[in-house]
Amino acid sequence: MEPDRRSWTPSSIVLVTAGVTLIGTGFYFLLLRPPLLPEDIRYMVLPPAQFDILRPLLELWLTHAFRVMGGYVLATGVLMMTLAVTAFRTHQNGAAIGCLIGGVASVGWMAVVNFLIDSDFKWVLLAMALLWATSHALLWSEKPAQRVRS
């Protein structure tokens, strides 16, 4: 039996929410994030004299790097939302697999790395990853008869 394509499932609603958080994060990196945060400077453990020599070029480089990263995070969020309102919502297996791989490689890995570097934002990023993971748990807990082959 084909699911009602107009209905919104809990899994797709949560995935849309996860996409929105990524879009917001992408805009933060594109428009608001300073090149260096206090945690970045702590992580480098450089004496002030050495850091002062590197700082101007490092800030210029990081501004470009974070703009690129912001674009990719924003794009991932848009794609996640698009998937949520289309094939994921109708429980197509290919959408679930693609979203699983994409989520692990993006928001999942971002959360892991931020724990590895002991980022000040690790818990926020973990919450974003858990939102994405929750959408998958909900997808697999929703009525199996709703799943369609793709």
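Source: prediction; values computed, not measured.
- Of the possible polar contacts, one joining the E142 side chain to the S11 backbone as a donor-acceptor pair under 3.5 Å is found.
- Contact detail for K122 and N114: the closest heavy-atom pair is CB-O, 3.7 Å.
- By the rule that hydrophobic residues join a cluster once side-chain heavy atoms approach within less than 4.5 Å of another member, L116 and V124 end up as members of separate clusters.
- Looking at heavy atoms from C-beta onward, L22 lies out of side-chain contact with W132 at the 4.5 angstrom threshold.
- We find the CE-CZ distance between M81 and F88 to be 14.0 Å, quoted to the nearest 0.5 Å.
- Between H136 and A96 the shortest heavy-atom distance is CE1-O, 3.2 Å.
- Summarising the local packing, CZ of F27 is surrounded by 12 or fewer heavy atoms from other residues, nucleotides or ligands at distances under 6.0 Å.
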With a cut-off of 3.5 Å and sequence neighbours excluded, list every side-chain donor-acceptor pair involving residues 63-76.
residue : atom : partner : partner atom : Å
T63     : OG1  : E59     : O            : 2.8
T76     : OG1  : Y72     : O            : 2.8

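- For the pair R33 and L62, the minimum side-chain heavy-atom distance is 4.5 Å or more.
- Hydrophobic clustering (ILVMFWY, side-chain heavy atoms < 4.5 Å, transitive): M110 and L30 are in one cluster.
- Remark: W109 pairs with no residue by the ring-ring contact (aromatic ring centres under 6.0 Å, His included) rule, at least two apart or across chains.
- Counting only heavy atoms from C-beta outward, the side chains of M128 and L125 approach each other to under 4.5 Å.
- Linking Ile, Leu, Val, Met, Phe, Trp and Tyr whenever their side-chain heavy atoms come within less than 4.5 Å leaves F29 and L79 in two separate clusters.
- In this structure a side-chain-to-backbone donor-acceptor pair under 3.5 Å is missing from S12 to W8.
- Between L83 and C99, the closest heavy-atom pair is CD2-CB, 3.5 Å.
- Taking every heavy atom of both residues into account, A95 and A87 meet most closely at CB-CB, 3.5 Å.
- Using modelled atom types, one side-chain atom of D40 and one backbone atom of L37 make a donor-acceptor pair closer than 3.5 Å.
- When hydrophobic clusters are built by joining Ile, Leu, Val, Met, Phe, Trp and Tyr residues whose side-chain heavy atoms come closer than 4.5 Å, directly or via intermediates, I23 is grouped together with L31.
- Note that the CG atom of D52 and the CG atom of L54 stand 9.0 Å from one another [nearest 0.5 Å].
- Residue M80 holds its CE atom at 5.0 Å from OG of S106, rounded to the nearest 0.5 Å.
- Put simply, CG on L138 and OG1 on T9 are 8.0 Å apart, with the number rounded to the nearest 0.5 Å.
- The closest donor-acceptor contact from the side chain of R42 to the backbone of M44 lies at 3.5 Å or more, if one exists at all.
- Expressed to the nearest 0.5 Å, how far OG1 of T86 lies from CD of Q92 amounts to 7.5 Å.
- Between the CG atom of L60 and the CG atom of L57 there is a distance of 7.0 Å, given to the nearest 0.5 Å.
- For the pair F121/T25, no side-chain contact is recorded, criterion being any heavy-atom separation below 4.5 Å from C-beta on.
- In this structure, W61 is not a member of the same hydrophobic cluster as I53, with clusters built from ILVMFWY side-chain heavy atoms closer than 4.5 Å.
- Closest approach of Y28 to P34, counting heavy atoms only: OH-CD, 4.1 Å.
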